[in-house]
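Written below as C-alpha cells is the structure these notes are about.
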Amino acid sequence: YTLLLEVTQFGIDDRGTVLQMNYQIENQVGDTLGRGQGTWYNKKTQSAKEFVDQQSNNLSSAAAEISQTLLPIISKASP
C-alpha cells in the first residue's frame with residue numbers, strides 16, 4: 001500500500017495553528033482504495049517552540065484520524 005499526503009495548509013490563521021491535508025491510499029498497482037481530507041486546529045502560538053509543539057499535536061491528531069479511516073479499507077482489501 002501507498003499512503004499519499006498532500007498538505008494544503010500548515011501555519012497560523014484566525015483560529016490558531018492549523019494543519020490541513022488530503023490523503024489517499026493506493027494498492028500496489030496504483031488503484032485508489034480510499035481518500036479523505038481533514039483540518040486540525042490547535043491554540044494560537046506566541047513562539048516558534050509553541051508553534052512546533054502545536055503542529056506536532058495537530059500531526060498526531062491527523063495520524064489518529066487517518067488511521068481510523070484507512071484501517072478498514074486495508075483490512076477489507078487484504079486477503
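The structure displayed is predicted, hence computed values, not measured ones.
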Would you say [X] and [Y] make side-chain contact, with heavy atoms under 4.5 Å?
| X | Y | answer |
| --- | --- | --- |
| Thr69 | Arg35 | no |
| Tyr23 | Glu6 | no |
| Leu4 | Glu26 | yes |
| Thr8 | Asn22 | yes |
| Leu5 | Ile66 | yes |
| Val7 | Leu19 | yes |

**OP:** Could you verify whether a donor N or O on one side chain and an acceptor N or O on the other, from Gln54 and Thr45, lie under 3.5 Å apart?
**Re:**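 No, Thr45 and Gln54 have no side-chain donor paired with an acceptor closer than 3.5 Å.
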If only atom types and distance count, is the side chain of [X] paired as donor or acceptor with the main-chain N or O of [Y] below 3.5 Å?
| X | Y | answer |
| --- | --- | --- |
| Asn58 | Thr17 | yes |
| Ser56 | Val52 | yes |
| Lys76 | Leu71 | no |

Hey, what do you get for [atom1] ([X]) to [atom2] ([Y]), rounding to the nearest 0.5 Å?
| X | Y | atom1 | atom2 | result |
| --- | --- | --- | --- | --- |
| Leu3 | Gln24 | CG | CD | 9.0 Å |
| Gln55 | Asn42 | CD | CG | 8.0 Å |
| Gln37 | Thr39 | CD | OG1 | 7.0 Å |

Nearest heavy-atom pair of [X] and [Y]: which atoms, and what distance?
| X | Y | result |
| --- | --- | --- |
| Ser67 | Pro72 | O-CD, 4.5 Å |
| Ile73 | Gly34 | CD1-CA, 3.7 Å |
| Asp13 | Gln9 | OD2-NE2, 3.8 Å |

Subject >> With Gln28 via side-chain hydrogen bond (donor to acceptor under 3.5 Å, both in side chains) - residues at least two apart >> reply: none
Original post:
So which residues get pulled into Val18's cluster when ILVMFWY side chains under 4.5 Å apart are joined, directly or through others?
Top reply: Tyr41
**OP:** Could you name each residue pair satisfying salt bridge (Lys or Arg N to Asp or Glu O under 4.0 Å) that touches residues 47-57, not counting sequence neighbours?
**Re:**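 Only Lys49-Asp53 qualify under salt bridge (Lys or Arg N to Asp or Glu O under 4.0 Å).
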Original post:
Between Trp40 and Gln20, does a side chain to side chain donor-acceptor pair (under 3.5 Å) hold up when you go through it step by step?
Top reply: CA-CA 6 Å; Trp40 299 269; Gln20 185 174 47; over 6 Å; no
